[in-house]
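Right, one structure below, let's go through it.
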Amino acid sequence: MSIETYENQSRQGPRKYRNSEKLLASSDPYWQAAADHGLIDIHVEAESNNRLLVRETGHEFVNMCSCSYLGLNYHPKVVQGAIDALEEARSLGLSLANTRIRHDLLFRLEEELGELFGAYILPGVTCSVLTAGILPLLASGHLAPGGPRVMVFDRMCHFSMAYVKPICADETLVLTSPHNDLDYLEDVCRKYPNVAYVADGAYSMGGAAALDGLRELQERYGLFLYLDDSHGLSIFGEHGEGYVRSHLGVNPLTIIVATLSKGFGCGSGAVAMLGDRQAQSLLMRHAGPVGWSSNMEIPIVGAALASTALHRSPELGELQRRHQSNIDYFDELFPTAHAGNGLPVRRIDVGDADRAVKLSAELYRRGYYSSAVFFPIVPRGEAGLRIMLRADLGRDQIAAFVEEVKDVTGADH
């Protein structure tokens, strides 16, 4: 699709970026089907990622959708870090805007993560909060010289970023690019002097950004890159700096955000990696929800400090190697569209949303939770099962799961 077509779409009046009525009508029947099959709102006791128990029924299952890719959410040192911080602070937090007063433990975390990742750190409760605060200021031109930037959102970027499109559209022109289409993006850069690209680093439905090409466009046109690397943090890089940070340097034209709740193992919290201290100060003051009266609670800060220490130890490399070995093993047993890319997310495409829900329900009955994904999580007609491969899965568990998948789907790999 041409730039002009997207531009025309951007000027068509109301409902340019949202249509809740249409969204619910298209998707809620499948959510209801998942609920009817007992696949959402499951209450469990969790001994580990690999042993979840529904106490009322005695049903035990393996969580194949946990994003704790290295298993650090159950690591004794990370759990103890949360306890130690709570005992040191004797409080859950200061309950005021961190712009004005930050607990020393949070300031310590900012410094340690800054050293670990080689960037200025802006902490937040979640990536959604960071994104909601940062993107409007990027759109208005306050994070780099040149005035407002045309905001190009990748068609497949995470919902937490696409959600902010209407706010950005009050500041500048907002466009949606075909997925990973560097030709389209270069056409926009040629037409407009200031452009920003919003995308995932490692995508939640599989695959990754075209980082080499994005680097070239940044060098050639001054393209601003805003990349969410929540599914790449910890599992890539000598210090777990992530998929994007391992390929791209942090500079005044690049912001990387990532949750600490996935690979980093903390259950909550997020960080923005910045290449400019002035941007850090500006965002502390003006990035809306980033500066409001909540940030990471003290136990999460403590867990993050403990995880940071683990990221400096040889254990990180051991966990990364085990994780990669499990990804490779799954790909060997059951190759999918993203096999061989080294990333942890795999999607088993089945097409029809009703079938995806029924397959997920059958796998759950057999002891494996693999979420059914359907529109708007994925495009219409591309429903399937999503799984996350982790370091704390045993090879016997992966092999057993694959056999069940083959059986319920009738796949012949």
How close do [X] and [Y] get, counting heavy atoms only, and between which atoms?
X	Y	result
C65	R386	SG-O, 3.4 Å
A196	L138	CB-CD2, 3.9 Å
A272	I255	CB-CG2, 4.4 Å
I298	A89	CG2-CB, 3.7 Å
L72	L310	CD2-CD1, 4.1 Å
V78	A306	CA-CB, 3.9 Å

Can you classify the ring geometry of [X] versus [Y] as parallel (below 30°), tilted (30 to 60°) or perpendicular (above 60°)?
X	Y	result
F374	Y30	tilted
Y243	H247	tilted
Y69	H231	tilted

Practice item. With sequence neighbours excluded, tell me which residues meet side-chain hydrogen bond (donor to acceptor under 3.5 Å, both in side chains) with D170. Key: none
Check your understanding: Looking at residues at least two apart in the chain, or sitting in another chain, which of them share a side-chain hydrogen bond (donor to acceptor under 3.5 Å, both in side chains) with Q324?
Key -> D328
Answer yes or no: is there a donor N or O on one side and an acceptor on the other, between the side chain of [X] and the main chain of [Y], under 3.5 Å?
X	Y	value
H323	L389	yes
T172	R149	yes
S230	T259	yes
D200	H158	yes
D229	A258	no
S177	V152	no
T308	A304	yes
N194	G146	yes
R346	T336	no
E238	G317	no

**Study point:** Within 6.0 angstrom of Y329 OH, more than 12 heavy atoms from elsewhere
**Key:** yes
Practice item. Check whether more than 12 heavy atoms from other residues, nucleotides or ligands sit under 6.0 Å from atom CD of E60, and answer yes or no. Key: yes
Do [X] and [Y] have side-chain N/O donor and acceptor atoms under 3.5 Å apart?
X	Y	result
D36	Q32	yes
Q218	Y197	no
N50	S48	no

Review point. D154 and Y203: side chain to side chain contact (heavy atoms under 4.5 Å, CB included), yes or no, with the steps?
Key: CA-CA 11 Å; D154 190 281; Y203 280 83; 3.4 Å; yes
Check: [Y] and [X] side chains under 4.5 Å, non-hydrogen atoms:
X	Y	value
L135	I167	no
H75	L70	no
M296	S268	no
F401	I387	yes
E171	M151	no
P344	I235	yes

Review point. Taking only residues at least two apart or on different chains, which pairs with a member in residues 365-381 satisfy side chain to side chain donor-acceptor pair (under 3.5 Å)?
Key: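 As it turns out, the side chain to side chain donor-acceptor pair (under 3.5 Å) pairs with a partner in residues 365-381, which skip direct neighbours, are S26-R380, E362-R365, E362-R366, R366-E404, R366-D407.
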Point to revise | Qualifying side chain to side chain donor-acceptor pair (under 3.5 Å) pairs with a residue from residues 114-136, counting only residues at least two apart or across chains | key: T131-Y226
**Study point:** side chain to side chain contact (heavy atoms under 4.5 Å, CB included) evaluation trace for R347 with V378
**Key:** CA-CA 10 Å; R347 202 172 81 211; V378 294; 3.7 Å; yes
Review point. Distance from R190 atom CZ to L217 atom CG, nearest 0.5 Å?
Key: 9.0 Å
Review point. Any salt bridge between D181 and R155, counting N to O under 4.0 Å?
Key: no
Practice item. Begin from the C-alpha positions of I134 and V164 and carry the test side chain to side chain contact (heavy atoms under 4.5 Å, CB included) through to its verdict. Key: CA-CA 10 Å; I134 295 172; V164 191; over 6 Å; no
Check your understanding: When the aromatic ring centroids of Y364 and H37 are compared, is their separation below 6.0 Å?
Key -> no
Tabulate below the donor-acceptor pairs under 3.5 Å that side-chain atoms of residues 274-288 make, not counting sequence neighbours, or state none.
from	atom 1	to	atom 2	distance (Å)
D276	OD1	Q278	N	2.8
Q280	NE2	I121	O	2.8
S281	OG	R277	O	3.4

Practice item. Show your working on side chain to side chain contact (heavy atoms under 4.5 Å, CB included) between N49 and S68 and close with a plain yes or no. Key: CA-CA 8 Å; N49 294 316; S68 182; 4.2 Å; yes
Check your understanding: So which pairs with a foot in residues 302-312 pass salt bridge (charged side-chain N to carboxylate O under 4.0 Å, His left out), sequence neighbours left out?
Key -> E112-R312
